[in-house]
Protein chains: 2
Amino acid sequence: MKINKRYQQKLKTHQNLMFAALSLMSEEKGLGELSLREVAGEAGIVPAAFYRHFKSMEELGLALVDDSAEKIASILKDARKKGAYRSALHSSIGYFFDYVSKNRSLFRFISRERNGGYKKIREKIRTAMETIASELALDMRMPKSISFADTLFASQMIVGVAFQRASEFLDLDGKDHQDIRKLKFLTVKQLRLVFVGTIRGRKRIRTKIKV
Amino acid sequence: MKINKRYQQKLKTHQNLMFAALSLMSEEKGLGELSLREVAGEAGIVPAAFYRHFKSMEELGLALVDDSAEKIASILKDARKKGAYRSALHSSIGYFFDYVSKNRSLFRFISRERNGGYKKIREKIRTAMETIASELALDMRMPKSISFADTLFASQMIVGVAFQRASEFLDLDGKDHQDIRKLKFLTVKQLRLVFVGTIRGRKRIRTKIKV
DNA sequence: TGTACATCAGTGAACGCGCGTTCACTGATGTAC
DNA sequence: TGTACATCAGTGAACGCGCGTTCACTGATGTAC
């Protein structure tokens, strides 16, 4: 009973193409700035063969969102497991930024295409972020007085904050140790504010607020 | 005393180029997807003449950030003035989304390039957002117990939320009236949470929080 | 197992196209006298 | 005011280049008998 060699090779090339695209993205280049030819070249196939796998770069991008979202979700799940006995916010944040640092292209891709690139891709990323937030909400231990709806809303904000800060983090990139410390501090502060707002926001406040 | 006709014409073309670039951006195209030739064409000059004004598209982009940030800042300032006697958050939000709707390309450009495009442009946008947040902080009436530093931090979050939601708003674009209502509702809720978190966050909270 | 045919991922050449950039130029505007 | 020269925004042609896409093809792998 031989397994299908041809099919396996195709899967391999498929993955090579996605990996190639991710690798070719950088500080200055997103999906939209990549050419089909350079991606094919990097993946070790001829440009025409690209079409055996995707009908356009946009389609490759959509596949890449699926892939990246899955990886990020499992990374975060893992981080939550590891941090199970360390509930302090700032140590969780430490883990998170470590992961971002070790998976630059992944986070860069998602951050960049979240508001740029193709509309379909933006929408897919937003859906994926919702999914990640839902998973986070299920794992989050909030006071019993907080409804699941509020927990979910908080987790959506947390995911939003995390991705935005990850994007800023990637631009600091190794150097600027002082700036990175500041960014982490601000992230902790911002997330703490989300928790405070969620937990203390049950009662109506009356203040002169104007925006 | 004749004014300088040649210089005025140059300024005009300069503005035409920036306007052309902004107009050519759309749901699917950011600065990085525009070609020098199409921008020059739209502005009514020959490609080679582009170089009389900018040495690259990136430089045009940087000029565009200055321009857009200034416009958005004055729009927001205006909105705050108009809303001076209507302190309710949701009516301010209403004004804001109206402005976004009437200045799509402006907000689209900033949202898109904030995390995508060229690094220099990202940095310039972030600086501009800081400036806008500072101006907002000065105008914001917070309880006396809140320090200016905390007010500033809140205003930075508000600006961040506003731009992120503006970006999502632009993708709903006219249709999906129900989704737009939901988006506005979520924005109000999110901003309210920022205020609650800021005002009630003075005292330390102790809860089992894990991220 | 061996043979004959089908499948199909990847090839390689070719195409027309728009791109960024260069260059010598033009002619209206500005300046010095 | 009139003249002679300088400036310089915009021109138009040319360049070499990488692009996406098409096509008939190849040859290893898979399948039917």
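Order of the sequence lines sets the chain letters (A, B, ...), proteins ahead of strands, with each chain counted from 1.
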Would you indicate, yes or no, if [N] has its OP1 or OP2 atom less than 4.0 angstrom from a side-chain nitrogen or oxygen of [X]?
X: B/Gln9; N: D/dG10; answer: yes
X: A/His53; N: C/dG10; answer: yes
X: A/Asn4; N: D/dG30; answer: yes

Problem - Upstream residue (5' side of DNA chain D) when A/Pro47 and B/Pro47 are each assigned their closest nucleotide - result: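 So the residue in question is B/Pro47.
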Fill in the blank from the handout: Per nearest nucleotide of DNA chain D, the residue lying toward the 5' end, A/Ser35 or A/Ala48, is A/Ser35
Problem - Sidechain N-carboxylate O distance under 4.0 Å for A/Arg165, A/Glu168 - result: yes
Among [options], find the nucleotide with the atom closest to the side chain of [X].
X: B/Tyr51; options: C/dT22, D/dG20, D/dG10; answer: C/dT22
X: B/Arg6; options: D/dC19, D/dA9, D/dG30; answer: D/dA9
X: B/Ile45; options: D/dT22, C/dT21, D/dT11; answer: D/dT11
X: A/Val46; options: C/dT21, D/dG10, C/dG12; answer: C/dG12
X: B/Lys10; options: C/dT21, D/dA9, D/dG20; answer: D/dA9

Problem - From CA spacing to verdict: side chain to side chain donor-acceptor pair (under 3.5 Å), B/Asn115, A/Ser167 - result: CA-CA 7 Å; B/Asn115 294 301; A/Ser167 170; 2.7 Å; yes
Problem - Short side-chain to backbone donor-acceptor contact, B/Glu58 and B/Tyr118, under 3.5 Å - result: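 Flag not set: sc B/Glu58 to bb B/Tyr118 has no pair under 3.5 Å.
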Handout entry: Sugar-phosphate, base or nothing in reach of B/Thr13, heavy atoms under 4.0 Å
Key = sugar-phosphate
Practice task
Would you classify A/Phe50 as touching base, sugar-phosphate or nothing, given that sugar-phosphate means primed atoms plus P, OP1 and OP2, and contacts are heavy atoms under 4.0 Å?
Solution key: nothing
Fill in the blank from the handout: Of B/Met57 and B/Arg52, the one whose nearest nucleotide on DNA chain C sits closer to the 5' end is B/Met57
Handout entry: Dot-bracket encoding of pairs in DNA chain C, which uses [ ] for pseudoknotted crossings and | for another strand, Watson-Crick or G-U under 3.5 angstrom
Key = .||||||||||||||||||||||||||||||||
